[in-house]
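In what follows, chains are A, B, ... by sequence order, proteins preceding strands, each numbered from 1.
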Amino acid sequence: MSILVNKDTRLVVQGITGREGLFHTTQMVAYGTKVVAGVTPGKGGQWVLDDKIPVFDTVKKAVETTGANTSVIFVPARFAADAIFEAADAGVELIVCITEGIPVQDMMRVRAYLDQKGSRLVGPNCPGLLTPGEAKVGIIPGSIAIPGNVGVVSRSGTLTYEVLYAMKQLGIGATTTVGIGGDPVNGTSFLDTLKMFEEDPQTEKVVLIGEIGGTDEQKAAQYIADHMTKPVVGFIAGQTAPPGKRMGHAGAIVEGGEGTAAEKVEALEAAGVKVAKHPEEIAHILKSL
Amino acid sequence: MKLHEYQSKQIFAKYGVPIPKGRVAATAAEAREIAAELGGRVVVKAQVLVGGRGKAGGIKLANSPEEAEAQATAILSMKLKGLPVRKVLVDEAAHIATEIYLGITNDRAARKPVMMASAEGGVEIEEVARKTPEKIIKTHIDPLLGLRGYQTRDLALGIDLPKEHWKAFSKVCFGLWEAYQKSDATLAEINPLVVTEEGQVLAVDGKMIVDDNALFRHPEIAEMRDLDVEAPEEIEARKYGLSYIKLEGDIGCMVNGAGLAMTTMDVIKLYGGEPANFLDIGGGANAEKVAAAFRIILSEPNVKAVLINIFGGITRGDEVAKGILAAMEEVKPEVPMVARIVGTNAEEGRRLLANADMITADTLVEAAQKAVAAAKGGAQ
């Protein structure tokens, strides 16, 4: 078992003929993900990857023809919001947006629209999802994680790889890794993901990797305290980040004294989460649980 | 990206928000001319991107063109919180009867814009929020519907605005909403919005922050960027697509990925060191990018050691190592360098770097400890 993506995932890649899109499609196919279609407006009728994957002009056409149920988006930031709307209108259940740099007002409109439509968005500005041994939707390097019983959810990319890698060194594997992304307004939250891990029978432990900015970690802490039966190990990046500065991620900023690492660590610890001091320690804490 | 008061007010005016008559001046002589054109009492205001300009002496009244010139001379020679004053705004002085606060910002938790009004205008809104949060009236705006008329009446009622001003207030609310939406702002604020003795509703101050990610569709706003507020290294870094923030410590950091870059800083601190910067080189560490990153890190004379932390995922470790070596050839750093490369082809990468006299480490903790030791050694 796993959450969100597995061996039955039928994936459509939006922006499949772009440099990033094509490169990562190759990687996803090599991992064993069922990539059934690609979309690039104006390139419908072409085939990519040794003529194995058909390209369509629209997501609607791709879904009708191939039965795709999940989409991954690699289109540039200025077209990304439109790509999300298109996927939602085509009835795609799960939309994973890798693109970084989408204007935040676009994302507020996307969120308001998706809340009415019922499609789930993961990201944007995220590395996507990995269910080791089954499917990879996004850009997480497949070789750094093994199948196991730990659910991982994170706002970061390489920091997540670091944690998966440290887990693998100790023989600890993951059910699913969910990169929810580093933007201030995103689709799936920590809270949403924790609920799914709590309900997933194969997930026995959870790792939550947060960072400065916003209050999503605090909301997650409240849920953990009230409802979670599985142990959670936490980590918060940005203890040394100066206030008022955006630390790479659009959402990683302490504003008006809010969203500091210290308050997040405090909220998590109060909810019984073991908070690691550095990423390698996460794997050691998991081992001891 | 923050906009100056005069820029913000010009944008507000474009969407129908009444602002005082006035213009911006770069010299005292120009300030005098503007004051003469306006006639009567004027206010001379320093255009710098810091709060508390009034308290710092950057805002002065003048009763004549001569006085305006004198005030402008004084203000243009000032530095406010370290920033030079390059321009002053000369505005007609309003006869203020009441001061209110009106602003729109992104409510991150609600994932919607929120419009806020308060009868406590003219003071810092954060101060009001801390002391008397009940005096701030809020209304969330549906991003698909936009601001609705009844919401402006809710605000007017909430701040006890006399009914004769509601229509003018509503017009300002809609103007501010349009300015916010059409400019992709993350903050649009009028503080104070005044009711004059003549009964006019007027935005005498203005502040805007525009979403950097949206500047591609606002080239006219992108041109307004004030480079004074950014460290020169930060401007240089942006040219190469690097994300760099200068800090106070002595250990330079070069990392791929924002979360890992923050974590690297934290682990340095955990082991008794102080990071000199945040630097995310992003994906695909090619030699050109790495060289630019080295130059920027080493331009800071405080830096006594550099920690390179790269997680090779799709980017292979040996390729990153080659990029680092090529960059070192060019930059020839003189401080100790600690490199940690993990992930795909990391062993080959480490071997290449060890041959080049770099200190290598297997784990982030080990790398941080070695960098802290190297920085302390260099200080003796």
Side-chain angles (χ1 to χ4, degrees), chain A residues 23-24 27 77-78 101-109 111-113 116 139-141 143-144 154-162 165-166 182 184-185 209 211-216 219 235 237-242 245-252 255-257 259 261 277-281, chain B residues 106 108-109 111-113 126 129 141-145 180-181 184-186 211-217 243-249 255-271 274-275 278-280 282-283 309-315 342-344 363-365 368:
Chain A
F23 174 79
H24 289 291
Q27 301 269 325
R78 61 180 70 198
I102 303 177
V104 67
Q105 289 200 17
D106 284 2
M107 279 313 303
M108 291 194 293
R109 285 186 283 268
R111 257 312 287 251
Y113 190 70
Q116 297 171 5
I139 63 173
I140 301 173
S143 61
I144 59 169
S154 170
R155 278 167 71 182
S156 179
T158 48
L159 175 56
T160 314
Y161 309 166
E162 179 88 41
Y165 184 76
V185 174
I209 304 164
E211 63 189 30
I212 55 163
T215 52
D216 273 9
K219 284 185 197 156
F235 179 77
Q239 310 271 352
T240 50
K245 290 277 185 182
R246 234 170 259 286
M247 307 302 284
H249 289 156
E255 286 169 306
K277 290 189 185 64
H278 55 82
E280 288 142 12
E281 199 189 0
Chain B
N106 294 342
R108 196 169 157 164
R111 305 177 192 285
K112 286 185 173 87
E126 288 84 2
I141 301 170
D142 185 315
L144 299 177
L145 281 179
Y180 163 91
Q181 204 191 16
D184 272 297
T186 58
D211 183 356
D212 285 299
N213 283 339
L215 289 176
F216 69 85
R217 56 190 175 204
S243 182
Y244 173 91
I245 291 161
K246 186 171 140 52
L247 302 167
E248 301 301 318
V255 188
N256 66 334
L260 193 56
M262 276 189 273
T263 303
T264 304
M265 287 160 42
D266 295 350
V267 177
I268 288 172
K269 176 93 171 175
L270 186 64
Y271 287 94
E274 289 289 342
F278 166 93
L279 195 153
D280 171 12
N309 185 20
I310 303 290
F311 195 98
I314 285 145
T315 316
V342 232
T344 320
T363 67
L364 177 52
V365 169

J.: If you count heavy-atom pairs within less than 4.5 Å of chain B, which of A:Pro184, A:Ala166, A:Ser143 leads?
T.: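 Highest number of heavy-atom pairs under 4.5 Å: A:Pro184.
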J.: Can you tell me which portion of A:Ile102 sits under 4.5 Å from chain B's heavy atoms? Options are side chain, backbone, both or neither.
T.: backbone
J.: What are the two closest non-hydrogen atoms of B:Leu270 and A:His278, and how far apart are they?
T.: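 Distance-wise, the nearest heavy atoms are CD2-CD2, 4.1 Å.
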J.: Determine the option with the most heavy-atom pairs under 4.5 angstrom with chain A, choosing from B:Lys112, B:Glu126, B:Glu248, B:Gln181.
T.: B:Gln181
J.: Identify whether the distance between the nearest side-chain nitrogen and carboxylate oxygen of B:Asp184 and A:Arg78 falls below 4.0 Å.
T.: no
J.: Checking B:Val365 against chain A: side chain, backbone, both or neither under 4.5 Å from a heavy atom?
T.: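 For B:Val365, heavy atoms of backbone and side chain both lie under 4.5 Å from chain A.
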J.: Among A:Met247, A:Arg109, A:Glu211, which residue has the highest count of heavy-atom pairs closer than 4.5 Å to chain B?
T.: A:Met247
J.: B:Leu260 and A:Ser156: which non-hydrogen atoms are nearest, and at how many Å?
T.: N-OG, 4.2 Å
J.: Check whether A:Tyr113 gets within reach of chain B through its side chain, its backbone, both or neither, counting any heavy atom under 4.5 Å.
T.: both
J.: If you look at every heavy atom in A:Ala112 and B:Asp142, which pair is closest and at what distance?
T.: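 Shortest heavy-atom separation between A:Ala112 and B:Asp142 comes out as CB-OD1, 4.5 Å.
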J.: Return the minimal non-hydrogen interatomic distance between B:Ala185 and A:Gln105, and the atom names on each side.
T.: O-NE2, 2.9 Å
J.: What part of A:Arg246 gets within 4.5 angstrom of chain B, counting heavy atoms only: side chain, backbone, both, or neither?
T.: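 Backbone of A:Arg246 only, per the 4.5 Å heavy-atom cut-off to chain B.
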J.: Can you check whether A:Pro242 reaches B:Phe278 side chain to side chain, under 4.5 Å on heavy atoms?
T.: no
J.: Is it the side chain or the backbone of A:Arg111 that comes within 4.5 Å of chain B heavy atoms, both, or neither?
T.: side chain
J.: Who wins among A:Thr160, A:Ile209, A:Val185, A:Leu159 for the most heavy-atom pairs under 4.5 Å with chain B?
T.: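 Of the options given, most contacts go to A:Leu159.
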J.: Chain B heavy atoms under 4.5 Å from A:Glu162: which part of the residue, side chain, backbone, both or neither?
T.: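 When you check distances to chain B, atoms from both the backbone and side chain of A:Glu162 fall under 4.5 Å.
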J.: Can you tell me how far CG of B:Asn256 sits from OH of A:Tyr161, rounded to the nearest 0.5 angstrom?
T.: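 Atom-to-atom, A:Tyr161:OH and B:Asn256:CG are 9.0 Å apart.
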J.: Got a sec, which residues hit side chain to side chain contact (heavy atoms under 4.5 Å, CB included) with B:Thr186, two or more places apart in sequence or on another chain?
T.: A:Val104, B:Asn106, B:Ile209, B:Asp211
J.: With a 4.5 angstrom heavy-atom cut-off, could you sort out which part of A:Thr240 is near chain B: side chain, backbone, both or neither?
T.: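 Contact with chain B is through both the backbone and side chain of A:Thr240.
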J.: Taking side chain as everything from C-beta outward and backbone as N, CA, C, O, which of these in B:Glu274 sits under 4.5 Å from a heavy atom of chain A? Side chain, backbone, both or neither.
T.: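 Neither; nothing under 4.5 Å.
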J.: With a 4.5 Å heavy-atom cut-off, do B:Arg217 and A:Pro103 have their side chains touching?
T.: yes
J.: Against chain B, label A:Glu281 side chain, backbone, both or neither, depending on which of its atoms sit under 4.5 Å from a heavy atom there.
T.: neither
J.: Heavy-atom cut-off 4.5 Å, strictly under: side chain, backbone, both or neither for B:Ala109 against chain A?
T.: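 Looking at B:Ala109, backbone and side chain both touch chain A.
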J.: Mind ranking A:Ala77, A:Gly248, A:Gly259 by heavy-atom pairs under 4.5 Å with chain B and telling me who comes out on top?
T.: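 Greatest number of close heavy-atom pairs with chain B: A:Gly248.
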J.: Look at atom NZ of A:Lys219 and say whether more than 12 heavy atoms of other residues, nucleotides or ligands are closer to it than 6.0 Å.
T.: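 Counting other residues, nucleotides and ligands, NZ of A:Lys219 exceeds 12 neighbours.
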J.: Does any backbone or side-chain atom of B:Tyr180 lie under 4.5 Å from a heavy atom of chain A? Answer side chain, backbone, both or neither.
T.: both
J.: Would you call A:Gln239 and B:Lys269 a side-chain contact if the rule is heavy atoms closer than 4.5 Å?
T.: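 Side chain of A:Gln239 against side chain of B:Lys269, heavy atoms only: no contact under 4.5 Å found.
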J.: Below 4.5 Å from any heavy atom of chain B, which atoms of A:Ala250 appear? Answer side chain, backbone, both or neither.
T.: side chain
J.: If you tally heavy-atom pairs under 4.5 Å against chain B, which of A:Gly251, A:Ala261, A:Ala252 wins?
T.: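 If we count pairs closer than 4.5 Å to chain B, A:Gly251 comes out on top.
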J.: Name the option with the most non-hydrogen atom pairs under 4.5 Å to chain B; the candidates are A:Asp216, A:Asp106, A:Thr215.
T.: A:Asp106
J.: Measuring heavy-atom distances to chain A, does B:Ile245 have an atom under 4.5 Å in its side chain, in its backbone, in both, or in neither?
T.: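 For B:Ile245, the side chain is the part near chain A, not the backbone.
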